[in-house]
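Before I ask anything, here is the structure I am working with.
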Number of protein chains: 2
Amino acid sequence: MKQSSNVPAFLSKLWTLVEETHTNEFITWSQNGQSFLVLDEQRFAKEILPKYFKHNNMASFVRQLNMYGFRKVVHIDSGIVKQERDGPVEFQHPYFKQGQDDLLENIKRKVSSSKPEENKIRQEDLTKIISSAQKVQIKQETIESRLSELKSMRGKRPNSLWCQSTQSRILKEGIVKRCRKIKTKKRVLILAFDVLESRFQ
Amino acid sequence: MKQSSNVPAFLSKLWTLVEETHTNEFITWSQNGQSFLVLDEQRFAKEILPKYFKHNNMASFVRQLNMYGFRKVVHIDSGIVKQERDGPVEFQHPYFKQGQDDLLENIKRKVSSSKPEENKIRQEDLTKIISSAQKVQIKQETIESRLSELKSMRGKRPNSLWCQSTQSRILKEGIVKRCRKIKTKKRVLILAFDVLESRFQ
DNA sequence: GGGAATATTCCC
DNA sequence: GGGAATATTCCC
């Protein structure tokens, strides 16, 4: 099953199938050559498909068509959708047109599930994040130790500003309390980073 | 092609193939029943394989064996590897043994290995995390410089603004405000981690 | 022996 | 119509 260019096997087989006159009873170009028709779905699946593919299921054939971006052409009569059981099925693709086999190479198979909004994280980026978190942690420890220092000064120098008034003490306690809370948050953060990091090992 | 349990089609077909007496000329259990042999690779591929699979290639059969963790049994004679053109090929798997079809369900197909250094993450999430970390870092630096300022003020001016209620309040409010902002940023960051973590479940 | 693309199946 | 698992092909 050779292909002239790098067109996937499915597409060149499909092209042959639609072109071939001896299969026109089951699959052929539509009137204007802008789409193709499957005329007898049952017999097409059981008699024609296995001669070109490794199966005889219409569903698998349609799955491939969808993988390559073909769309079923919906027929509407008087505003209601046709639902004939054995009616012809029509498929269309902007690059699958009669007499223009040169367009085939523009048809691209859809790639597996990697969603467009998902990207792979580079180790470099992850290192940056972790490094950033570590720096925050170190800074925070410095602040804590400075606070601690201020606290001890109060003990040594009873007349210093820190203990001169009730208000000062309240103020200081408020700051210490908030810093403690921040520290807790930070621990959670660092922990989360550790978890994250371990997942990337 | 029904399967009794949830054993993949390939494994149940392989089991049948090895068990069936009418294919023993081409594929059968080894003497001790711990492995199986393919006796005439050429004819086996062209005559037997297409009756069970959608191809007639030994390479595709072996690819599947490898996907399920089977290993070729190497035959050594007098220290040199046998390289007979038409000699029997032997394959083995710890859970593929004569008379023990109950072990089959332990054989697992290999999944496409996502490289350890690469993981999927939404670019949007990554941006949020980095942005949040940077903001936390900047806010922290502000706090740190504020503390530094306080420390130097205290030494130079014992009776300074710290002892004066109005200005103390203003100062305190500023600090409290900054602390609150940092906590908020941190919450966002922790939330981002939760989102990220949930993607790894 | 296995990575990766395409093909087929199964299922929502 | 398409996600995802398995199967087949192609290639290193």
Side-chain angles (χ1 to χ4, degrees), chain A residues 1-3 5-17 38 41 44-46 48-74 81 89-93 104-105 107-118 120, chain B residues 1-3 5-17 38 41 44-46 48-74 81 89-93 104-105 107-118 120 199 201:
Chain A
M1 203 62 65
K2 289 291 167 220
Q3 304 145 212
S5 60
N6 54 353
V7 173
F10 175 76
L11 291 178
S12 44
K13 288 178 182 177
L14 176 64
W15 181 266
T16 303
L17 215 38
V38 175
E41 198 173 314
F44 171 72
K46 300 309 168 195
I48 309 300
L49 281 181
K51 290 178 181 171
Y52 291 77
F53 305 99
K54 293 172 183 291
H55 65 83
N56 61 358
N57 307 306
M58 188 65 185
S60 296
F61 178 66
V62 174
R63 185 73 193 86
Q64 279 285 69
L65 288 172
N66 288 327
M67 284 299 289
Y68 282 95
F70 284 76
R71 306 308 297 262
K72 187 186 243 186
V73 178
V74 180
V81 179
V89 190
E90 187 173 354
F91 288 94
Q92 158 276 333
H93 189 290
L104 286 182
E105 61 191 19
I107 304 180
K108 297 302 174 192
R109 194 174 202 272
K110 288 171 185 169
V111 289
S112 63
S113 62
S114 70
K115 285 132 192 162
E117 71 275 12
E118 274 183 337
K120 292 194 169 181
Chain B
M1 201 64 64
K2 288 291 167 223
Q3 304 145 215
S5 58
N6 54 351
V7 174
F10 175 76
L11 291 178
S12 45
K13 287 178 182 177
L14 176 63
W15 180 267
T16 303
L17 214 38
V38 176
E41 199 173 312
F44 170 71
K46 300 307 168 194
I48 309 299
L49 280 180
K51 290 179 181 170
Y52 291 76
F53 305 99
K54 293 172 183 292
H55 65 83
N56 60 357
N57 306 307
M58 187 65 186
S60 295
F61 178 66
V62 173
R63 186 73 194 85
Q64 279 285 69
L65 288 172
N66 288 327
M67 284 299 291
Y68 282 96
F70 284 76
R71 306 309 296 261
K72 187 187 242 183
V73 178
V74 179
V81 179
V89 191
E90 187 173 353
F91 287 94
Q92 159 275 333
H93 189 290
L104 285 182
E105 63 192 17
I107 304 181
K108 297 304 175 192
R109 195 175 201 271
K110 288 171 185 169
V111 288
S112 64
S113 62
S114 60
K115 284 131 191 164
E117 72 275 11
E118 280 184 331
K120 285 186 176 178
R199 294 178 174 276
Q201 296 308 335

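Any value given below was found using the heavy atoms of this structure, including those in side chains, with hydrogens, waters and symmetry copies removed. Proteins get letters first, then strands, A, B, ... in listed order; numbering begins at 1 in each.
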Interatomic distance, A:N66 CG vs D:dG3 P [rounded to whole Å]: 11 Å
Distance, rounded to the nearest Å, where B:L11 contributes CG and D:dA5 contributes C1': 14 Å
Atom pair CG/CG of A:L49 and A:N56 - distance to nearest 0.5 Å: 7.5 Å
So, OP1 or OP2 of C:dT6: does either fall under 4.0 Å of a side-chain N or O from A:Y68? no
The side chain to side chain contact (heavy atoms under 4.5 Å, CB included) partners of A:R71 (sequence neighbours excluded) come to A:Q92
Ring pair (Phe, Tyr, Trp, His ring centres under 6.0 Å) involving B:F44 - partner list, sequence neighbours excluded: B:F61
Answer whether the closest heavy-atom distance between the side chains of B:W15 and B:L104 falls below 4.5 Å. yes
Return the CZ to CD distance between B:F70 and B:E90, rounded to the nearest 0.5 Å. 12.5 Å
Rounded to whole Å, please give me the gap between CG in B:N6 and P in D:dT6. 10 Å
Please report the distance, rounded to the nearest Å, between CE in A:M67 and P in C:dA7. 9 Å
Interatomic distance, B:F53 CZ vs D:dA7 P [rounded to whole Å]: 8 Å
Whole-Å gap separating C1' (C:dA4) and CZ (A:R109): 12 Å
Is the shortest heavy-atom distance from the side chain of A:V7 to the side chain of A:K13 under 4.5 Å? no
Between N or O atoms, less than 3.5 Å apart, protein on one side and nucleotides 9-12 of chain D on the other: list the pairs.
unit_1, atom_1, unit_2, atom_2, d
D:dT9, OP1, A:K54, NZ, 2.9
D:dT9, OP1, B:N57, ND2, 3.4
D:dT9, OP2, B:N57, ND2, 2.8
D:dT9, OP2, B:S60, OG, 2.5

Atom-to-atom span, CG of B:L65 to P of D:dT8 - whole angstrom: 12 Å
Would you mind reading off the distance between B:F70 atom CZ and C:dG2 atom C1', rounded to a whole angstrom? 17 Å
